[in-house]
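All heavy atoms count here, side chains included; hydrogens, waters and symmetry mates do not. Lettering follows sequence order; numbering is per chain, from 1.
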Amino acid sequence: MGRFIIRRLLLMIPLTVGVTFLTFGLMNLIPGSPYTNLRSNPRIRPSDIARLEEQLGLNRPWPVRYVEWLGDLLQGDLGRSMQNQVPVIDRISAVLPNTLLLTTTALIFSLVIAVPLGVYAAARHRSWFDRGTNLATVALWAIPNAWLAIMLVVLFSFKFKEWGLPSLPATGITSPRGGGDLMDRIKHLILPTISLGLIQIGIWSAYIRSSMLEALHSDFIRTARAKGLANRAVLFSHAFRNAFLPLVTLVGLSIPSLFGGAILIESVFAWNGMGLLALQAVEQRDYTLVMGTTLMFAVLTMLANLIADVLYGVLDPRVRVD
Amino acid sequence: MSVRRSSADVTARPATAEVALPLDHRARSAPGYYRRGWMRFRRDKLAMASLIIVIVIVLFALGAPLISKLTGFTYYENHLRFKLSAPGENGYILGSDANGRDILTRLAYGGRISLLVAFFGTVAELAFGLGLGLIAGYYGKWVDAVIMRLVDVMISIPTIALLILISSLYQPGYVLLALIIGAIYWPGDARLIRGEVLSLRNREYIQAARVVGVPSWQIMLRHLLPNVTPILLIQASLTIPSVIILESVISYLGLGVQVPTPSWGNMLQEAARFYRTNWTNVFIPGLMIYITSLSLYLVGIGLRDALDPRLSD
C-alpha cells in the first residue's frame, strides 16, 4: 500500500507538468497580454505598454517563461498576480475554503438524498417507486444548471420576499451588514448547495441503484436470505456494503465536475470562491493567477482520485492496489 | 407482447439449423441488428414520445423564418419602446427582451444555434474520441501509452475551466465553439472506444484479417468500426443533450455565441440581469433547453436499451 501511494504521488509529477504546460501554452498562443485593454486608452503610449510587458518578462518566448515558472514552482513560489502584485498563493488560499465548503456541502446534500433513494429503488426493483425514481433521475440530470440556479433565486429570494414569506439571500457568503454568524452563513449556503447538488442526486442515485441491483443478484445475498435474515439486514449490512464500494471511486472521479459546476454556481451567486477567481483571472489575462488556479484544481482532482483508490483498497480486501 | 415472432427466438435457434437453410430464406426471416433495435425502440412508449418531441423541436427551429412571419417580428430588430414586455403584452406572444425583441422568434432562431452547436460538438467530440481510441486500442504499446497519458492529463483538469479559458481567448462562433467542445471532451469517448477495441482486437476474425495481410487502416475501418458503431450511437445520443446544457453554461458565463445572434444559452444570460422585473424571459429559454435535453436523454436511454439489451435491467 505504501509503495502504491508513493508511486501514484510520483506519477502526479508528470501529470502536473502536462496540465500546466497545456494551460500555459494555450494561454500564450493567443496574442495579447494582461495589458491589452490599456491599448484602447489613447493617453497611454504603446512604448509604455511595451515597457510594462518587459517588466513582467512577457517579451520573452513562452517556453522559456514556462520553464522559469516551473522552476519557481519547485521552490514553492507561484508568483504574484499580474493585476495587483498580491502573491498568487495568498489570493487562492483566501477563497479556497469557500469553494471547499460549497462543494463538500453540495456533495453531502446530494449523497444523503441519493443513497436511500437508490437503495430503496433497487430493493423494490421494477415497482412503481423504482420506475418513478428512474424517471426522476433522468429528469434531474437533464436540468440546465444555470437555469436552475437563477429560477431558485427568482422563487426563493425574490418572489418569496414579494409574497411576504421568509426569503433566502440571493448572493454572497454572508450579509454585507451585521452578517457573519452561523445562521446567516447557513442561509447563504442553502440555494447554492441545492443548485449544485440537485443535479448530482440524479447521477448518484442511478449509480447506487445499479450497483445495488448487481449486489442483490449475487450468491451471498441468496445465502443470506436462505438463512432467514431480515430483509433490512440483507439490504443494508450485506448488499449495501458491497454496493457502496464503487461509490467511493465515483465520488473521487466526480471531483472535477463538481469543481466545474462550482464555477458556474459561484458566478450566479457571487460566491467568492476558486471558480470566481479563475474566471476573473482568465478575463484579466492574469497569467500567473490562471496558472495558480489551474494547478490547484488539477492537484485537488488528482489527490481526490488517489484517495478514492486508496480507500477502495482499504475497504475491499479483494482489491489489491499495487 | 406482440404476436410477431420475437428476435430472441431467431437468435436462439441452434446454429446448425441456420446453416442448413438457404441463404435468401435466412435473410428474410432474421431482421438485421439495427432493424431489430428499431423494433425494440418502437415498443418503448416513453422513448417514442420523446423522439416525437425532439422532432417537433427540430421542426420549430428549422421553421424559424415561418415563425418570424407569423409573429411579425425579426430576431434582431429592436423595439425599445416595448422592451421587457410580459407574455401576451404589446403583441408579443412570449414577451420581449431588454431590447424589445420578440422572445418567440428568437427562441426559434436560437434553437438553430443551440442544436447546431450540440450536433457538431457531438460529432467533433466523437470523431476525436473515435480516432484516438481506435488508434490507441489497435496499435497498443507506446502509441496507446502516449494517448492514454494525454487522456489522464485532460481528465485531471476540470474541463469547464479549460473550456472557459479557450473560449474566452478565442470568442468563438458556433462552428469553432463546437470544435472546441470536441477538442476538450474527447478523452471520455476515447477511453470507451479503446476499451471496446482492446476486447475486439484479439478476436479470430481480426487476427484472420491480419494474417491475410489486410492493411491496418482497413482493419480499423472495415472490421473494428462497424463493431463499435452501436456504442458510438448510444454515446452520441447521450452526448447531444449534455452539449446543449454545456452551451447554456458557456453562454451564461458570457463566452458563447454573441448577441444579437440568439442561442438559448445567451437568451438565458441576457435575461438573467432582469429577473426582478421579468422572470419569464429567464424561464422560457431555460425551459426550452430543459425539454430538449430531457427528451434527448430519454431517446438516448431508449436507444441504449434497444441496441444493447444487456445493459438494461
Quiz item: By ring-ring contact (aromatic ring centres under 6.0 Å, His included), which residues pair with A/Trp147, not counting sequence neighbours?
Solution: B/Phe283, B/Tyr290

Quiz item: Crowded around A/Tyr120 OH? As in, over 12 foreign heavy atoms under 6.0 Å?
Solution: no

Exercise. For atom NZ of A/Lys161, decide whether the heavy atoms of other residues, nucleotides or ligands shown that lie under 6.0 angstrom number more than 12.
Key: no

Practice problem: Would you mind checking which part of A/Ile143 comes under 4.5 Å of any heavy atom in chain B, side chain (CB onward), backbone (N, CA, C, O), both or neither? | Solution: both

Practice problem: Of all the heavy-atom pairs spanning A/Met151 and B/Val282, show the shortest one and how long it is. | Solution: SD-CG1, 4.0 Å

Quiz item: How long is the span from the CG atom in A/Asn134 to the CD1 atom in B/Ile301, to the nearest 0.5 Å?
Solution: 8.0 Å

Quiz item: chain A contacts: which residues in residues 235-252 of chain B have a non-hydrogen atom closer than 4.5 Å to it?
Solution: B/Ile245, B/Ser248, B/Val249, B/Tyr252

Practice problem: Pick out which of B/Leu268, B/Leu287, B/Ile289 makes a side chain to side chain contact (heavy atoms under 4.5 Å, CB included) with A/Pro144. | Solution: B/Ile289

Practice problem: Using non-hydrogen atoms and a 4.5 Å limit, figure out which bit of A/Leu135 sits close to chain B: side chain, backbone, both or neither. | Solution: side chain

Quiz item: If you draw a 6.0 Å radius around CZ in B/Phe119, do more than 12 non-hydrogen atoms from other residues or ligands fall strictly inside?
Solution: no

Quiz item: More than 12 foreign heavy atoms under 6.0 Å from CD of A/Glu214: is that the case here?
Solution: no

Quiz prompt | A/Ala278 versus chain B, the contacting section by heavy-atom distance below 4.5 Å | solution = neither

Quiz item: Does a sphere of radius 6.0 Å around OH in B/Tyr174 hold more than 12 heavy atoms from other residues, nucleotides or ligands, not counting ones at 6.0 Å or beyond?
Solution: no

Quiz prompt | Region of B/Ile291 in contact with chain A, defined by heavy-atom distances below 4.5 Å | solution = neither

Practice problem: Assess the pair A/Phe158 and B/Trp279: is the distance between their ring centroids shorter than 6.0 Å? | Solution: no

Quiz item: For A/Ser211, what residues pass the side chain to side chain contact (heavy atoms under 4.5 Å, CB included) criterion, not counting sequence neighbours?
Solution: A/Ala243, A/Pro246

Exercise. Of all the heavy-atom pairs spanning A/Ile150 and B/Ala272, show the shortest one and how long it is.
Key: CD1-CB, 3.7 Å

Quiz prompt | Max heavy-atom pair count under 4.5 Å with chain B, selected residue of A/Ala304, A/Gly18, A/Ala139 | solution = A/Ala139

Side-chain donor-acceptor pairs under 3.5 Å in residues 258-275 of chain A, sequence neighbours left out?
residue  : atom : partner  : partner atom : Å
A/Glu266 : OE1  : A/Gly275 : N            : 2.6
A/Glu266 : OE1  : A/Leu276 : N            : 2.9
A/Glu266 : OE2  : A/Thr99  : OG1          : 2.7
A/Trp271 : NE1  : A/Asn98  : O            : 3.1

